[in-house]
Structure formats: C-alpha cells, structure tokens
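As a basis for the values below, the full set of heavy atoms in this structure was taken, side chains included, without hydrogen atoms, waters or symmetry mates. Predicted, not measured: the structure shown is a model, and the values here were computed from it. Residue numbers start at 1 and run along the sequence shown.
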Amino acid sequence: MTVGRKLKKGREKIISLLLEDPMLSATTVATWIGISSKAVEKHFARLKADGILCRIGPDKGGRWEVIIKN
C-alpha cells in the first residue's frame, strides 16, 4: 500500500464519520479510526483547503459540513 492511498483511506473514513455525526471532535474521530488527533487535524485542514469540509459555528458547539461535489 502506498502512503498516498493510505491517506486517502483516512480521509474517506473521516468524511464517513462526519456524515454520520457532524458534531464529532478531532479527538473523537482520532479514537474511532486509530490515529492521533494531530493527524486528524491535518486531515481536517486539507479537506477544508480542498473545499470538501467546512466548519459551521464555533469550535465548541459547532459542526462539520461535508460538501458533496458532483
């Protein structure tokens, strides 16, 4: 397995979890998929930069919105 493919799988898992529960924190996502919360935060930053993920509201009490592109 290549590193790029592994990262893609991680991003897919994160997106799947956030579609189920948009209120999840980086720490909770990290626990569910078995990586560090810092790694999840990096994935979040990349997903936001790619226009796939958007944060609605504040860090505490806000939610994630996954943007589906056709």
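- For the atom pair CG of Leu19 and CD1 of Ile14, the computed distance is 12.0 Å after rounding to the nearest 0.5 Å.
- Judged by distance alone, the side chain of Asp50 and the main-chain N or O of Ile52 form no donor-acceptor pair under 3.5 Å.
- Of all the heavy atoms in Ile67 and Cys54, the pair that sits closest is CD1-CB, 3.9 Å.
- Closest approach of Lys60 to Arg55, counting heavy atoms only: N-NH2, 4.5 Å.
- Using a 4.5 Å cut-off between side-chain heavy atoms of Ile, Leu, Val, Met, Phe, Trp and Tyr, with links allowed through other members, Ile68 and Trp64 fall into the same hydrophobic cluster.
- Contact of the Arg46 side chain with the Leu53 side chain is not registered, since no non-hydrogen atoms from C-beta on lie closer than 4.5 Å.
- Across all their heavy atoms, Ala26 and Glu41 have their closest contact at CB-CG, 3.8 Å.
- To the nearest 0.5 Å, the span separating CG on Asp21 from OG on Ser16 amounts to 11.5 Å.
- Residues Ser25 and Thr28 bring a donor and an acceptor atom of their side chains to less than 3.5 Å of each other.
- Neither Val66 nor Met23 shares a network with the other; the hydrophobic side chains, linked directly or stepwise wherever heavy atoms of I, L, V, M, F, W or Y lie under 4.5 Å apart, form separate groups for each.
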Item to check | Evaluation steps, side chain to side chain contact (heavy atoms under 4.5 Å, CB included), between Val29 and Phe44 | outcome: CA-CA 11 Å; Val29 171; Phe44 282 175; 4.3 Å; yes
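- Taking 4.5 Å as the limit, every side-chain heavy atom of Leu18 sits out of range of all side-chain heavy atoms of Arg63.
- Between atom NZ of residue Lys9 and atom CD1 of residue Ile33 there is a gap of 12.5 Å, rounded to the nearest 0.5 Å.
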